[in-house]
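Below is one structure, written out as structure tokens; the observations come after it.
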Amino acid sequence: VQLQASGGGLVQTGGSLRLSCAASSRTFSTYTMAWFRQAPEKEREFVAAVTLSGSTYYADSAKGRFTSSRDSAKSTLYLQMNSLKPEDTAVYYCAAKVGLLRVSEPARYEYWGQGTLVTVSS
């Protein structure tokens with residue numbers, strides 16, 4: 001499956017952005033989908049995941065501010081980010097995996113998008 005992330009940009013502290021991840025596969029609905037991010041000189045970290053049943057998981061840093069959802073009819077994953085902070089600045093990647101276990105571990109994901117840059121200015 002091919003993934004194409006979009007929607008990044010420059011936003012001020014407290015602002016909002018919505019990221020999208022379009023998937024090429026007709027089997028999109030069978031994958032667990034997730035968002036990860038990587039800031040300069042930092043490890044890639046988990047942000048959010050949505051299972052094929054619609055269950056969602058969030059990193060502590062994302063809880064209460066970010067909402068991830070999926071539209072199977074459009075084969076698209078979304079990440080609505082509100083109350084953005086400078087520490088949210090990173091390249092955001094979408095990823096897909098088969099199965100429901102260990103959704104926060106990047107090594108478990110078989111497919112990755114190219115990333116979209118989010119910059120939050122203070």
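Residue numbers count from 1 along this sequence.
- Taking OG1 of T51 as the reference point, atom OH of Y57 lies at 6.0 Å (rounded to 0.5 Å).
- The shortest non-hydrogen separation linking A34 to L77 is O-CD2, 3.8 Å.
- Considering all non-hydrogen atoms of both residues, A96 and L3 come closest at N-CD1, 3.8 Å.
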- Message: For T89 and V118: C-alpha separation, side-chain torsions, deciding distance, then whether side chain to side chain contact (heavy atoms under 4.5 Å, CB included) applies.
- Response: CA-CA 5 Å; T89 294; V118 172; 5.9 Å; no
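- Membership of the apolar cluster around L52 extends to L100, as traced through chained side-chain contacts below 4.5 Å between ILVMFWY residues.
- A cation-pi arrangement, defined by a distance under 6.0 Å to the six-membered ring centre and an angle within 45 degrees of its axis, is present between R18 and Y78.
- Stacking of R37 on the aromatic ring of Y93 is not recorded, the 6.0 Å distance cut-off and the 45° axial limit not both being met.
- Hydrophobic clustering, defined by side-chain heavy atoms of Ile, Leu, Val, Met, Phe, Trp and Tyr closer than 4.5 Å, leaves Y58 isolated from every other such residue.
- With values rounded to the nearest 0.5 angstrom, E110 atom CD is found 9.5 Å from T32 atom OG1.
- In this structure, CZ in F66 is found 10.0 Å from CD in Q80, a value given to the nearest 0.5 Å.
- No donor-acceptor pair under 3.5 Å is formed between the side chain of T116 and the backbone N or O of S6.
- A heavy-atom distance below 4.5 Å is not found between the side chains of V11 and S16.
- Of the inter-residue distances, the one linking N82 atom CG with R65 atom CZ reads 9.0 Å to the nearest 0.5 angstrom.
- Y109 and A49 make their closest contact through OH-CB, 4.1 Å (heavy atoms, listed as atom of the first residue, atom of the second, distance).
- Under the 4.5 Å side-chain heavy-atom criterion for Ile, Leu, Val, Met, Phe, Trp and Tyr, V103 and Y31 are members of distinct hydrophobic clusters.
- For the pair T76 and R70, the minimum side-chain heavy-atom distance is 4.5 Å or more.
- When the side chains of ILVMFWY residues are joined at heavy-atom separations under 4.5 Å, either directly or via intervening members, L117 and L19 end up in two distinct hydrophobic clusters.
- The minimum heavy-atom distance between V47 and A62, with the atom names listed, is O-CB, 3.8 Å.
- How far OG1 of T119 is from CG of L84: 11.0 Å, rounded to the nearest 0.5 Å.
- For the atom pair CZ of F36 and CZ of R44, the computed distance is 8.5 Å after rounding to the nearest 0.5 Å.
- Summarising the geometry of D60 relative to K63, their closest heavy-atom pair is OD1-NZ, 3.2 Å, with the distance given to 0.1 Å.
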- Verify side chain to side chain contact (heavy atoms under 4.5 Å, CB included) between L101 and R108, making sure each step is shown before the conclusion. CA-CA 9 Å; L101 300 179; R108 299 289 174 175; over 6 Å; no
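- Between the Q114 side chain and the A5 main chain, a donor and an acceptor come within less than 3.5 Å of each other.
- Inter-residue side-chain proximity for S72 and F28 is flagged as met; some heavy-atom pair is nearer than 4.5 Å.
- Between S121 and L10, the closest side-chain pair of non-hydrogen atoms falls below 4.5 Å.
- Contact annotation: the side chain of V1 never approaches that of T27 to less than 4.5 Å [non-hydrogen atoms, C-beta and beyond].
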- Does the side chain to side chain contact (heavy atoms under 4.5 Å, CB included) test come out yes or no for Y92 and M81, once each step is laid out? CA-CA 12 Å; Y92 283 70; M81 304 186 294; 3.8 Å; yes
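- The heavy-atom pair separating L79 from S68 by the smallest distance is CD1-CB, 4.0 Å.
- Two residues are said to be in side-chain contact when any heavy atoms from C-beta on lie closer than 4.5 Å; W35 and V50 fail this criterion.
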